[in-house]
Amino acid sequence: MTLQTVVRRADPEFVWEDVVDPTTEELSQLAQRYGLQPTSVNDCLDPEHLPKFEQFEGYAFAIIRAFDERSGRACTTVQELTRKIAIFYGPAFLLTVHRREQAWLTALLDRIRNEHQQKPAARGSDGVQAHLLTQLLNAALDSYLHPLELVEARIDAFEEAVFSGGDTAKQSFAAGLREIHLLKRQVTLIKRLLWRTVDVVQRMTPLSGKSVSLFRDVQENLESFHFYVDEMLDDANTLLTIQLSLASHRTGEVMRVLTVFSVFFLPLTFVVGVYGMNFEFMPELHSRWGYPVVLAAMGLVTLAIYLWFRRNGWLRE
């Protein structure tokens, strides 16, 4: 376990401790020190727990999830894409628990530690706690920004490839459906997490006081991100629909070509079949000009079909 004190004040008394990868026994000792309920500690140990908020006597417990910068392009589960942060906070303490170091959180803790060492905030414990909590929530939310921008760039690249035509579009279709499906699952998961986080922040927001505006700002940021993700999900669904429509269109083009060829050869096959029956009494069977006449008749039939198709515009691309 790695335990570091981020902020410590004596008047009024307040401490923020950040805990990384505690064992069950170490977490139990922390729970005894801060008077935490076993149910919240059990939720803290669950790596796949979704964002939640609970109010207990003397403290509150919240879980948020931040984007994992180490996640791969093919990750589509909660545990693969995000990392959980458990937050316990009471009148005189703030305790954050997580399983692994995260770059955005490390940067935030260093910045807050330096700020309070250089110039301690002249606020009461409630004001300091609200200020730190909202900074933590905003930083966790900002961890989604760069990944979402990358997803948007990938969607734009697919759109450009799809409408570019030629071999690029065919190659895009060959590998694009699975990629778009992965993007859709990622965006859907992020949207669900952000929506649950909106509920968490709403329940964390106090009913009155100066800190209400800080939490309202977090809510506005969350709603903006949720709207951004919602638009991106619509784009992914539209792109997936376009890909499937293009597949149907290409299949229709192939069937159109095959139908044209079959229509050309169907009457010719009929004529050949008639003259291939080898009956004794057949017209032009012993005629010198029978073979050229039949070929000429077949040519005229083909020409008539071609002119008919062209007149109706069925041979155009």
Side-chain angles (χ1 to χ4, degrees), residues 1-22 26-41 43-45 49 51-66 83-102 104-143 197 200-207 209-219 221-222:
M1 178 181 76
T2 303
L3 188 148
Q4 60 174 324
T5 301
V6 184
V7 176
R8 182 180 293 276
R9 293 181 48 168
D11 186 22
E13 184 179 353
F14 181 81
V15 62
W16 178 3
E17 291 188 326
D18 182 71
V19 184
V20 183
D21 196 21
E26 292 169 335
L27 198 57
S28 298
Q29 294 175 3
L30 287 172
Q32 291 179 0
R33 185 197 310 176
Y34 289 102
L36 308 180
Q37 296 292 333
T39 55
S40 58
V41 174
D43 290 341
C44 179
L45 294 172
H49 208 295
K52 67 171 293 185
F53 175 83
E54 284 186 310
Q55 182 70 52
F56 295 92
E57 184 178 356
Y59 76 97
F61 169 61
I63 290 178
I64 59 174
R65 300 199 73 96
R83 290 291 166 186
K84 184 194 69 175
I85 301 174
I87 305 171
F88 302 88
Y89 64 96
F93 73 92
L94 173 61
L95 179 65
T96 51
V97 182
H98 47 103
R99 287 294 181 186
R100 197 171 69 182
E101 294 285 354
Q102 302 177 46
W104 68 269
L105 182 57
T106 302
L108 174 69
L109 298 181
D110 291 340
R111 178 170 60 82
I112 290 177
R113 188 185 296 108
N114 293 332
E115 288 177 356
H116 281 262
Q117 287 176 352
Q118 295 174 4
K119 185 179 180 181
R123 298 184 180 95
S125 60
D126 292 341
V128 172
Q129 183 191 81
H131 181 67
L132 296 176
L133 274 174
T134 52
Q135 286 193 76
L136 177 60
L137 293 172
N138 278 322
L141 180 59
D142 289 340
S143 67
T197 307
V200 170
V201 175
Q202 287 177 346
R203 298 180 64 184
M204 292 175 68
T205 304
L207 298 177
K210 297 181 180 180
S211 60
V212 174
S213 60
L214 297 175
F215 285 95
R216 294 297 183 194
D217 181 65
V218 178
Q219 291 184 32
N221 291 337
L222 270 168

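Quick note: numbers below take in every heavy atom, side chains included, and nothing from hydrogens, waters or symmetry partners.
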4.5 Å side-chain heavy-atom contact, Arg8 and Glu17 = yes
Considering all heavy atoms, the nearest Phe14-Pro91 contact | CD1-O, 4.2 Å
Asp21 versus Thr2: any side-chain heavy-atom pair under 4.5 Å?
-> no
How many angstroms lie between atom OG of Ser143 and atom CZ of Arg65, to the nearest 0.5 angstrom?
-> 11.0 Å
Are the side chains of Asp18 and His98 in touch, meaning some heavy atoms are under 4.5 Å apart?
-> yes
Between OG1 on residue Thr106 and CZ on residue Arg111, distance to nearest 0.5 Å | 13.0 Å
Find the distance between CG (Asn221) and OG1 (Thr134) and round it off to the nearest 0.5 Å.
-> 10.5 Å
Donor-acceptor pair, Arg33 side chain versus Ser28 backbone, under 3.5 Å?
-> no
State whether the number of non-hydrogen atoms from other residues, nucleotides or ligands found under 6.0 Å of Arg216 atom CZ is greater than 12.
-> no
So how far is it from Leu137 CG to Leu222 CG, rounded to the nearest 0.5 Å?
-> 7.5 Å
Minimum heavy-atom distance Val41-Ala31, with the two atoms named = CG2-CB, 3.7 Å
Please step through side-chain contact (heavy atoms from CB on, under 4.5 Å) for the pair Tyr89 and Leu136, ending with a clear verdict.
-> CA-CA 12 Å; Tyr89 64 96; Leu136 177 60; over 6 Å; no
What are the two closest non-hydrogen atoms of Leu27 and Pro22, and how far apart are they?
-> CD1-CG, 4.1 Å
Quick one: are Trp16 and Val128 in side-chain contact, heavy atoms under 4.5 Å?
-> no
Result of checking Ile85, Asp110, Thr96 against Leu105 for side-chain contact (heavy atoms from CB on, under 4.5 Å) | Ile85
Tell me, do Leu95 and Leu36 make a side-chain contact under 4.5 Å, heavy atoms counted?
-> yes
Got a donor-acceptor contact below 3.5 angstrom from the Gln55 side chain to the Tyr59 backbone?
-> yes
Is there a donor-acceptor pair closer than 3.5 Å between any side-chain N or O of Arg83 and the backbone N or O of Glu101?
-> no
Could you tell me whether the side chain of Asp217 reaches within less than 4.5 Å of the side chain of Asn138, counting heavy atoms only?
-> yes
Can you name the one residue among Lys84, Gln37, Lys52 that meets side chain to side chain donor-acceptor pair (under 3.5 Å) with Asp43?
-> Lys52
side-chain contact (heavy atoms from CB on, under 4.5 Å) between Leu141 and Val218, intermediate numbers included | CA-CA 9 Å; Leu141 180 59; Val218 178; 5.5 Å; no
If you round to the nearest 0.5 Å, how far is CZ of Phe61 from OG1 of Thr39?
-> 8.5 Å
Nearest heavy-atom approach of Pro51 to Thr197 is CG-OG1, 3.7 Å
Heavy-atom check, side chain of Phe88 versus side chain of Val97, under 4.5 Å | yes
For Thr205 and Gln219, run side chain to side chain donor-acceptor pair (under 3.5 Å): C-alpha distance rounded to whole Å, both residues' side-chain angles, the deciding distance at 0.1 Å, then the answer.
-> CA-CA 9 Å; Thr205 304; Gln219 291 184 32; 2.8 Å; yes
List the steps, then state whether side-chain contact (heavy atoms from CB on, under 4.5 Å) holds for Glu26 with Val19.
-> CA-CA 10 Å; Glu26 292 169 335; Val19 184; over 6 Å; no
